[in-house]
Amino acid sequence: MAADEPLVLGIETSCDETGVGIVHGTTLLADAVASSVDTHARFGGVVPEIASRAHLEAMVPTIERALKTAGISAKDLDGIAVTAGPGLAGALLVGVSAAKAYAYALGKPLYGVNHLASHICVDQLEHGKLPEPTMALLVSGGHSSLLLSSDITSDVRPMGATIDDAAGEAFDKIARVLDLGFPGGPVIDRLAKEGDPAAIAFPRGLSGSRDPAYDFSFSGLKTAVARWIEAKRAAGEDVPVRDVAASFQEAVVDVLTRKAVRACKDEGVDHLMIGGGVAANSRLRALAQERCERAGIRLRVPRPGLCTDNGAMVAALGSEMVARNRPASDLELSADSSLPVTDPHVPGAHAHGHSHDHDHVHEVSKENLYS
């Protein structure tokens, strides 16, 4: 761990996890998470207002816990990074406001970064520097995307995305139909291990020769599974929950891995990184490994704890921003619930293309704060 590597604190509040991570270069020092998932469970999904209030309550204690775990003082930091988007607007605002307050109080540069680019960058904490270019398959409750990155701080190109439900969303909805509770991913993964993935021939969305090569669709699959279950119940028959879970899961991961490997081959990229909450799915990991080995592609998947939303991933991208001399954000930084992945970070309006101009950025920001 080189002494000159950036020491960065990252804040993540895009959904229902309050994540605070501290990174020194590519070394993870602290990863503190406060989740409000249990509060949302009785509603069968995330309630934005509840998530925002939970972030507000958890923010300061989680930051203090991360600093204590890392064994550092806030004044030792070289920068503060925060998820500026995409995500739930109210939830993002809590994180952005906290990051601005800490950056202002400490006189440290602020970096508003992209949630999706952070999910890619977190792999550096486990497997070292990202190869350039890297193909990334990001799958979560809110996103299913294929992205090609030649520079994680400035160049992330969308190859394909879901045109309707995200993969994680489909898991949650099928779990609800099967009365398995929320969130659906972990319980379906567990039950699928005891089921037959070939028991029911569920459809593979957008897999025809005329369909978009890299886009995903899971709403047709979700409807097909729900109708199959309803038909069984209407006929007074027992629903084979484990077989349904296994067959549904297989349909999802089959399409995800097939398209990701095809994109790598088409673009001549020999690395595939998988991230996002659904990357914790054991069958997705196994099938991706199998198909990547066959295609001569090296697979990189962070450990499950780094796949779900966390502050470490934001700190990792922030550290890379500092290391690559990217311009800091202004204290006028705002949350952007639909921040495009083509913007890995939000440079300040007053930045002159040089990140060491922090004093100028802060002075302008202070004037505006009081005007």
Side-chain angles (χ1 to χ4, degrees), residues 10-19 36 40 45-56 81-100 110-122 136-149 151-170 172-173 206 212 214-219 275-279 308-311 313-314 317-318 321 326-349 351:
I11 297 171
E12 154 61 29
T13 62
S14 66
C15 193
D16 60 341
E17 254 98 24
T18 307
S36 62
H40 304 281
V46 176
V47 182
E49 178 65 17
I50 291 175
S52 302
R53 288 171 186 271
H55 289 310
L56 206 54
V82 62
T83 301
L88 300 173
L92 288 167
L93 277 168
V94 179
V96 168
S97 300
K100 291 199 289 191
L110 173 72
Y111 295 88
V113 301
N114 190 292
H115 180 79
L116 298 180
S118 299
H119 267 304
I120 301 173
C121 198
V122 76
L137 171 67
L138 295 187
V139 275
S140 69
H143 313 281
S144 297
S145 313
L146 259 176
L147 306 166
L148 182 60
S149 170
D151 178 337
I152 196 59
T153 65
S154 64
D155 180 26
V156 181
R157 178 158 61 97
M159 300 290 293
T162 181
I163 60 169
D164 42 55
D165 290 10
E169 200 179 344
D172 287 339
K173 286 177 178 174
L206 296 187
Y214 310 129
D215 285 339
F216 306 102
S217 169
F218 297 109
S219 69
V278 181
T308 49
D309 293 349
N310 60 80
M313 68 188 203
V314 179
L317 184 51
M321 294 291 172
R326 298 294 176 226
S329 305
D330 289 342
L331 286 180
E332 286 81 12
L333 174 71
S334 185
D336 182 351
S337 60
S338 54
L339 184 69
V341 71
T342 45
D343 296 342
H345 92 302
V346 185

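Because only heavy atoms are used, hydrogens play no part in the values below, and waters and symmetry mates are left out as well, while side chains stay in. Computed from a prediction, not measured in an experiment: that's the story for all the values here.
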Review point. Can you tell if the side chain of Val156 reaches within under 4.5 Å of the side chain of Asn114, non-hydrogen atoms only?
Key: no
**Study point:** Sole candidate of Asp336, Thr342, Val341 that passes side-chain contact (heavy atoms from CB on, under 4.5 Å) when paired with Leu339
**Key:** Asp336
**Study point:** Contacts of Thr83 that satisfy side chain to side chain donor-acceptor pair (under 3.5 Å) - sequence neighbours left out
**Key:** Glu12
Check your understanding: Is any side-chain heavy atom of Phe216 less than 4.5 Å from a side-chain heavy atom of Leu137?
Key -> yes
Practice item. Using ring pair (Phe, Tyr, Trp, His ring centres under 6.0 Å) as the criterion, list what pairs up with His345, not counting sequence neighbours. Key: none
Check your understanding: Taking the six-membered ring for Trp, are His119 and His115 parallel (under 30°), tilted (30 to 60°) or perpendicular (over 60°)?
Key -> perpendicular
Point to revise | Donor-acceptor under 3.5 Å (Asp155 side chain, Ser149 main chain) | key: no
Review point. Asp165 and Ser219: side-chain donor and acceptor closer than 3.5 Å?
Key: no
Study note, to complete from the structure: Rounding to 0.5 Å, atoms SG (Cys121) and CG (Leu116) come to a distance of 13.0 Å
Review point. With sequence neighbours left out, what residues match His55 under ring pair (Phe, Tyr, Trp, His ring centres under 6.0 Å)?
Key: none
Review point. Looking at Gly276 and Leu138, what are the two nearest heavy atoms and their distance?
Key: N-CD2, 4.4 Å
Point to revise | Short side-chain to backbone donor-acceptor contact, Ser144 and Ala167, under 3.5 Å | key: yes
Point to revise | Nearest-0.5 Å distance that lies between atom CG in Leu110 and atom OG in Ser329 | key: 5.0 Å
Exercise for review: Quick one: pull up CG in Leu147 and CD1 in Ile120 and give me the separation to the nearest 0.5 Å.
Suggested key: 5.0 Å
Exercise for review: Give, for atom CZ of Arg326 and atom CD1 of Ile152, the distance between the pair rounded to the nearest 0.5 Å.
Suggested key: 11.5 Å
Exercise for review: Would you name the heavy atoms of Ser118 and Val113 that are closest together and state the gap between them?
Suggested key: OG-CG2, 3.6 Å
Review point. Are Ser52 and Leu88 side-chain neighbours, meaning at least one heavy-atom pair lies under 4.5 Å?
Key: no
Exercise for review: Using atom types as modelled and distance alone, determine if a side-chain donor or acceptor of Thr13 lies under 3.5 Å from a backbone N or O of Val94.
Suggested key: no
